[in-house]
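First the structure, in the form of structure tokens, and then the observations on it.
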Amino acid sequence: MKDNKYQVVIGLEVHAQLLTKSKLFCGDSTAFGAAPNTQVSPISLAHPGTLPKMNKKAIELAVKLGLALNCEIERNNYFARKNYFYPDLPKGYQVSQHTAPVCKGGSLSIKVSGFAEKKVQLNRIHLEEDAGKSIHDADPQYTCIDLNRAGVPLLEIVTEPCLHSAEEAFVFLSELRKLVRWLKVCDGNMEQGSMRCDANISIRLTGESTLGKRVEIKNLNSIRNVKKAIEIETERLISVVEKKETIIQETRSFDADKNITFSLRSKEDADDYRYFPEPDLPPFQIDEKFIESVYSTMPVLPEQLKELYINKYSLSEYDAEVICSEKPDAEFFESVTKYTTNYKAVANWMQGPLKFYCNEINISITAFPLKPETIGTLIHMVESGKVSFNNASTKIFQALLSAPEKDPHAIAASLNLLQESDVGAIESWVDDVINSMPGKVKEFKNGKKSLLGLFAGEIKKRSNGKADMQVVNKLLLEKLSVDQST
Ligand code: ADP
Ligand code: MG
């Protein structure tokens, strides 16, 4: 930022759609992608004579996330009506938690590369229902409304204004997304709108402690866009101040194609919403027993697991981070370690051939067709010199993918890929190559050590890739240096 004259202050409000089968106050399905307005009962619309009923699963998921983030769990909960008029809001109000959020405080640690770890303080997490969706591009003349989403349970996760760069916001959202997915609280799918973010941004002179006037950028639909929008808005706010103009407290939107933010409306105050307690839903208590029962279902959290992998399996920070970024990856990793103790190799296989294959056909590791045991066997075969990593991770791996039940050894044999580690056989290839390239051998002896790769490559070719390259390299070095001294 311009000579560090200003500090940017950011507070995020993240809406996470809870992974419940039905809506927050009725049995309508929450499934994504159904035909418009097919998941809308009269209760979703609050028609006269209907009454909402609380979905217990939503409370469970809220408590789960609250426990994972070290929040204080509110024991006495009730809902409030937030009244406003908008076409996609069928009830004319949104049922939310206004003064008594289910989770208070808490924090999430983030690490921006090159900076110390930082605890991002949370203000609150509250339950609320989603609104419907306005569709502007389905008809040339009209805006269409799909109410399938109306009443779907959301958690709104609100941070304190304690983030100070677009990068911090980016890392915070990535970590939060990872956590909600890990806990199966939310699928974190930003494209489908199951995780959305509003960014509140202000600037102040560096060293100043009072907060500046903020703008709120609504409905950012990817983590990358949050980062971009903050960067652009920060620049805009600075230029407003530098021009000695005043910042208007307002709600803005981000146009990712044009790379600009633009004003939507001036910011409402809480008074405008005429909040009052929801009369149709009784208050609900969360007791110790319920919290205990949620706690007992908590998995080991990604950060704890990462530490464990570094300490127990001696994985590098990087490998541990990558493997612990999604729970199914960590589970697959663990299941392979039942068959091999070469943990580094498991990490390499997962980040190499497995990841490549899964990305290519767009599946997650849970749909990966080979058994963990098979990967363990492949690792053993490479380790014991039976096949080269190269052949194992390409030819044998490919063959297994089309016949997952086959024995990797049998495939290696049928493809003629079992490696020759018999020194006698390898020695003759080594001798052949050295004898057939006297010129290159001379250059090598004169100091062009990089030629070692050429000799090794030639031997590999002559052996059809079957020579154990470790033995090859050892023999080559022996022979060339013995030669050299004579
Ligand atoms: P509202 O519900 O009206 O949007 P809140 O007071 O609940 O307002 O704050 C919403 C978010 O805005 C929080 O994440 C908070 O940290 C952030 N925020 C509040 N004031 C500022 C400010 N001056 N600069 C940046 N962020 C702010
Ligand atoms: Mg807000």
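Computation of the quantities below employed the complete heavy-atom set of this structure, encompassing side-chain atoms and omitting hydrogens, waters and symmetry-equivalent molecules. Counting convention: from 1, in listed order, for ligands and their atoms alike. The model shown is predicted, which means the values in this text are computed figures rather than measured ones.
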Which bit of [X] gets closer than 4.0 Å to ligand 1, counting heavy atoms only: side chain, backbone, both or neither?
X	answer
His98	neither
Asn200	both
Lys213	neither
Asp198	neither

Numbered atoms of ligand 1 (with element) below 4.0 Å of [X], judged on heavy atoms:
X	value
Leu12	14 (O)
Pro161	16 (O), 26 (N), 27 (C)
Ser202	22 (C), 23 (N), 24 (N), 25 (C)
Glu160	16 (O)
Gly11	14 (O), 16 (O), 17 (C), 26 (N)
Gly212	23 (N)
Val158	13 (C), 14 (O)

Practice task
Verify the ring-centre separation between Phe333 and Tyr313: is it less than 6.0 angstrom?
Solution key: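 Here the rings of Phe333 and Tyr313 have centres that are less than 6.0 Å from each other.
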Problem - Glu129 and its side chain to side chain donor-acceptor pair (under 3.5 Å) partner, picked from Lys91, Gln94, Lys82, Arg149 - result: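 Per the side chain to side chain donor-acceptor pair (under 3.5 Å) rule, the option paired with Glu129 is Lys91, out of Lys91, Gln94, Lys82, Arg149.
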Exercise for the section: Decide yes or no for Pro408 and Leu400: does some side-chain heavy atom of the first lie under 4.5 Å from some side-chain heavy atom of the second? Expected result: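 Yes, close enough: below the 4.5 Å cut-off.
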Exercise for the section: Determine whether Lys23 and Cys26 make a side-chain contact, defined as any pair of heavy atoms from C-beta on separated by less than 4.5 Å. Expected result: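 Answer yes - side chains close enough.
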Exercise for the section: Nearest heavy atom to atom 6 (O) of ligand 1 wins, so pick from Glu156, Gln249, Arg214. Expected result: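 Closest candidate by heavy-atom distance is Arg214.
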Exercise for the section: Given ring pair (Phe, Tyr, Trp, His ring centres under 6.0 Å), test Trp349 with Phe332 step by step and report yes or no. Expected result: CA-CA 11 Å; Trp349 272 85; Phe332 192 89; over 10 Å; no
Handout entry: Audit row: Ser364, Thr366, side chain to side chain donor-acceptor pair (under 3.5 Å) steps and yes/no
Key = CA-CA 5 Å; Ser364 87; Thr366 46; 2.5 Å; yes
Problem - Ile201 N/O to ligand 1 N/O under 3.5 Å - result: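 No, no N or O pair falls under 3.5 Å.
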Handout entry: Residues Glu317, Lys306: salt bridge by 4.0 Å N-O rule
Key =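 Salt bridge present between Glu317 and Lys306.
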Handout entry: Contact with ligand 1 for Val9, non-hydrogen, under 4.0 angstrom
Key =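 Val9 counts as a contact of ligand 1 under the 4.0 Å cut-off.
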Problem - Among Phe79, Phe290, Tyr78, ring pair (Phe, Tyr, Trp, His ring centres under 6.0 Å) partner for Phe284 - result: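 That would be Phe79; it is the only one of Phe79, Phe290, Tyr78 passing the ring pair (Phe, Tyr, Trp, His ring centres under 6.0 Å) with Phe284.
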Problem - Between Glu233 and Thr261, a side-chain donor and acceptor under 3.5 Å - result: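 Yes, because at least one side-chain N or O of Glu233 sits under 3.5 Å from a partner of the opposite role on Thr261.
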